There are 2 protein chains.
Amino acid sequence: MLTDMDYYTPGQMAERFDLTLDTLRYYEKAGLLRQVERAPSGHRRYRADDAELLHLIRCLRDTDMPIARLREFAELVRAGDHTIPERVEVLQSHQRRLDEHIAELRVRQAAIQHKIEYYLGVLAENGHRAPEDDSPIGHTHPTDHTSRSVEEAL
Amino acid sequence: MLTDMDYYTPGQMAERFDLTLDTLRYYEKAGLLRQVERAPSGHRRYRADDAELLHLIRCLRDTDMPIARLREFAELVRAGDHTIPERVEVLQSHQRRLDEHIAELRVRQAAIQHKIEYYLGVLAENGHRAPEDDSPIGHTHPTDHTSRSVEEAL
DNA sequence: ACTTGACCTGGAGCGCACTCCAGGTCCCAT
DNA sequence: ATGGGACCTGGAGTGCGCTCCAGGTCAAGT
């Protein structure tokens, strides 16, 4: 038996999961949340299990699961407990893609770091050799930075 | 002095960095690449330093730097070597945001993992107690999965 | 002379995930 | 009874990053 205290208002849900009322409604329309119960006033009231699902949805969205896949997942949830094995597979496959994604981010990050260090090298060199060329009219030696390292190209 | 061999065709650039000719032109229009030289035919020809910059752009895009910030960075590059300190700051600040982003992904991933393990727990329990309820008409005990763990809610 | 393939242009269109808005209802406190 | 605040609806609009297209040029091969 549920009392008033067992429900959350749209505002509470929005605040708790840091999203807007619009987004909340959008998720409902998109099928991520079931058609939510209403108070006599017509206002939505969310239950604990809506919050639980929304929490997971938030995690999955934050890790870039597209809305369409989230809708499929939400349908599994609505279909009942016998879909738990399928849900596990969906989540595990998501985790694997996430691992790959993070790995790729790290690779890119390393490449950027390499560039930063190249720049720092240029600065160190200029620092104790030539002060700085800032002639007002500029536009000098346009190929200077290529002379440094050839492998920079790939 | 540059010979024909020192240039890359649009097709070569596209293949090398795994993007389309359209994207390459889009990047140019958006100011990520300078107005590129043309062969007498009108076809673009890219130099080694275009490739070098595009490589960095690719890394930055792959780590979600927006086009607008990339354009700013590209403007620094065009402005000459005296902007290197600024470029370093841009890149370092990007690295920091990237660190934070990866950290957040890991947090979300852990939360998802927690859910997976919760599901696996349910399966293990059902596995050696009740085989499965798949009565054709379904729609039974809709609150069963809430009974398990209250802290699941946040 | 003809075809093929690589590339060109300007501009329209697309997919995604929201985000905004006008106009309305309901409830509560002054 | 009036005002304010929280929420409602349907539908249009937004921003981003491409992506596609029609119609054209150019150079090389057959």
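Here the structure is a predicted model, which is why all the values come from computation and not from measurement. In what follows, every chain begins at residue 1, and chains take the letters A, B, ... in the order their sequences are listed.
Between the C1' atom of D:dC7 and the CD atom of A:Gln12 lies a distance of 13 Å, rounded to the nearest Å. Between the CG atom of A:Leu70 and the C1' atom of C:dC18 there is a distance of 14 Å, given to the nearest Å. The distance between atom NZ of B:Lys29 and atom P of C:dT9, rounded to the nearest whole Å, is 8 Å. C:dC16 atom C1' lies 13 Å from atom CZ of A:Arg71, rounded to whole Å. Rounding to whole angstrom units, CD of residue B:Glu15 and P of C:dG5 are separated by 17 Å. Rounded to a whole Å, the CD atom of A:Glu28 is 14 Å from the P atom of D:dC7.
Residue B:Ile84 holds its CD1 atom at 6.0 Å from OH of A:Tyr119, rounded to the nearest 0.5 Å.
Between B:Arg44 and C:dC7, a side-chain N or O to OP1/OP2 separation shorter than 4.0 Å is absent. Look at B:Arg38 and you'll find a side-chain N or O under 4.0 angstrom from OP1 or OP2 of C:dT9.
Residues A:Arg71 and A:Glu75 are paired through a salt bridge, judged by an N-O separation under 4.0 Å between the basic side chain and the carboxylate. Using a cutoff of 4.0 Å between basic side-chain nitrogens and carboxylate oxygens, A:Arg96 and A:Asp99 are not scored as salt-bridged.
With sequence neighbours left out, B:Gln113 forms a side-chain hydrogen bond (donor to acceptor under 3.5 Å, both in side chains) with A:Gln95, B:Glu117. Evaluation of the side-chain hydrogen bond (donor to acceptor under 3.5 Å, both in side chains) rule for A:Arg69 yields no partner, not counting sequence neighbours.
Taking each heavy atom of B:Tyr46 and B:Pro10 in turn, the nearest pair found is CE1-CA, 3.7 Å.
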Completion exercise
Each nucleotide of nucleotides 17-30 of chain D classed B (base within 4.0 Å of a protein heavy atom), S (only sugar-phosphate) or -, in 5' to 3' order, makes BBSB-----S----
